[in-house]
Amino acid sequence: MESQALDLSGFDQLEFVFDLVYNPLKTRLLLQAGSLGIPHDNGLRMLVTQAVRAHEIFFDVQVPDAITEQVLADLVRQRRNIVLIGMSSCGKSTLGKRLAQTLGLSFTDLDAEIEAAAGLSIPEIFRQEQEAGFRRRETEAARQAGLDTGQVIACGGGIIERPENLDLLHRNGIILWLKRDPALMVHEDADRPMLKQGFDSLYGRRAPVYASWADLTVTNDGSLQEGLEAVCRALGLQVDGPASSG
């Protein structure tokens with residue numbers, strides 16, 4: 001069970017925060033510690049080191065520290081969500097699908113999840129429920145997606161309009177801003193209601209928020225393959241398999 005919220009701001013001498021929970025990878029407590037710049041960790045390392053020690057005792061062997069670290073890194077990589085944010089037409093869905101295929105992860109498109117749950121297209125939701133109704137649905141989709149693990153999640157361009165979505169997606173995810181030159185993006189689209197506000201003003205308002213949310217920022221101004229390689233480099237991963245043939 002996830003820990004109860006605790007206000008850490010009054011602990012001036014706090015040097016480290018540990019939460020035994022490892023599902024989600026980052027509890028509310030750990031997310032708060034991170035926002036305050038306090039070093040922190042979850043219970044996954046403890047779980048792995050306990051298993052390693054049991055193996056050593058049972059088989060009368062000594063497991064090198066490097067193997068323990070590799071097992072831990074592999075577990076994090078398998079469980080972690082890669083969350084793609086950015087403006088419409090920056091490549092989140094196209095690149096996200098290829099990234100998921102390359103890494104052996106599932107792919108979740110939040111806009112598609114919203115449409116499936118509502119039984120309506122996004123323009124229809126905006127017409128019937130206005131932006132406020134759509135944003136409520138978007139937050140619920142983020143909540144559900146954030147509980148799962150091992151996904152590439154492509155978010156709608158306006159996911160950053162509600163600050164609470166950040167923690168929902170961060171609990172099991174690393175957030176990556178897929179940044180594209182505005183000149184290369186579609187500026188008008190009848191199926192994207194928010195773009196009717198004017199692309200330049202919308203991008204100008206959203207870009208600083210994308211930057212503040214992002215754990216990593218990757219420029220996606222080239223081909224799909226170049227974008228995939230850039231994302232994998234940012235994540236510290238090697239591109240092979242399906243990506244190398246594309």
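Below, each value reflects all heavy atoms present in this structure, side chains not excepted, and no hydrogens, waters or symmetry copies.
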Is [Y] close to [X] at the side-chain level, that is, under 4.5 Å between some pair of heavy atoms?
X      : Y      : answer
Ile175 : His170 : yes
Met185 : Met87  : yes
Asn220 : Asp181 : no
Phe134 : Asp111 : yes
Leu216 : Trp177 : no
Leu120 : Gln128 : yes
Arg205 : Ser201 : no
Cys232 : Leu99  : yes

Looking only at heavy atoms, what is the nearest atom pair of [X] and [Y], with distance?
X      : Y      : value
Pro182 : Tyr203 : CG-CE2, 3.7 Å
Ala118 : Ile125 : CB-CD1, 3.8 Å
Phe107 : Ser93  : CZ-O, 3.8 Å
Leu110 : Ala141 : CD2-O, 3.8 Å
Val218 : Ala234 : CG2-CB, 3.6 Å
Gly146 : Asn81  : O-ND2, 4.3 Å

Would Ser106 and Gln151 count as a side-chain hydrogen bond (donor to acceptor under 3.5 Å, both in side chains) if you check the C-alpha gap in whole Å, the side-chain angles of each, and the deciding distance to 0.1 Å?
-> CA-CA 5 Å; Ser106 60; Gln151 311 164 86; 4.7 Å; no
side-chain hydrogen bond (donor to acceptor under 3.5 Å, both in side chains) involving [X] - partner list, sequence neighbours excluded:
X      : value
Arg53  : Glu56
Arg137 : Glu129
Asp74  : Gln70, Arg77

Charged N to carboxylate O under 4.0 angstrom, Glu140 versus Arg135?
->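 No.
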Less than 4.0 Å between a side-chain N and a carboxylate O, is that true for Arg171 and Asp167?
->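 Salt bridge absent between Asp167 and Arg171.
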Inspect the surroundings of CZ in Phe58 and state if more than 12 heavy atoms from other residues, nucleotides or ligands are less than 6.0 Å away.
->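 Atom CZ in Phe58 is not crowded, with 12 or fewer foreign heavy atoms closer than 6.0 Å.
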Just by modelled atom types, is the [Y] backbone N or O under 3.5 Å from a matching donor or acceptor in the [X] side chain?
X      : Y      : result
Glu124 : Ser121 : yes
Thr49  : Met46  : yes
Gln50  : Leu47  : no
Arg79  : Thr149 : no
Lys26  : Asn172 : no
Gln32  : Leu8   : yes
Asn42  : Leu44  : yes

Take Leu30 and Val17 through the side chain to side chain contact (heavy atoms under 4.5 Å, CB included) test and state the conclusion after the steps.
-> CA-CA 7 Å; Leu30 297 182; Val17 173; 3.9 Å; yes
Would [X] end up clustered with [Y] when hydrophobic side chains under 4.5 Å apart are linked, directly or stepwise?
X      : Y      : result
Leu75  : Leu103 : no
Val21  : Val48  : no
Phe59  : Val71  : no
Tyr210 : Phe199 : yes
Val52  : Tyr22  : yes

[atom1] of [X] to [atom2] of [Y]: how many Å apart, nearest 0.5 Å?
X      : Y      : atom1 : atom2 : value
Leu6   : Thr27  : CG    : OG1   : 10.5 Å
Leu176 : Ile82  : CG    : CD1   : 8.0 Å
Glu229 : Leu224 : CD    : CG    : 10.0 Å
Asp221 : Glu226 : CG    : CD    : 10.0 Å
Leu168 : Leu31  : CG    : CG    : 9.5 Å
Leu228 : Arg233 : CG    : CZ    : 9.5 Å

Apply the test side chain to side chain contact (heavy atoms under 4.5 Å, CB included) to residues Glu164 and Thr139: give CA-CA distance (whole Å), side-chain angles for both, the deciding distance (0.1 Å), then the verdict.
-> CA-CA 8 Å; Glu164 59 264 42; Thr139 292; 4.2 Å; yes
Decide yes or no on side chain to side chain contact (heavy atoms under 4.5 Å, CB included) for Ile159 and Leu169, but give the supporting numbers first.
-> CA-CA 10 Å; Ile159 192 71; Leu169 294 168; 3.8 Å; yes
Residue pair Arg143 / Asn165, side-chain donor-acceptor N/O under 3.5 Å |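 No, because no side-chain N or O of Arg143 sits under 3.5 Å from a partner of the opposite role on Asn165.
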Side chain to side chain contact (heavy atoms under 4.5 Å, CB included) between Ile153 and Leu84, worked out = CA-CA 6 Å; Ile153 302 174; Leu84 303 179; over 6 Å; no
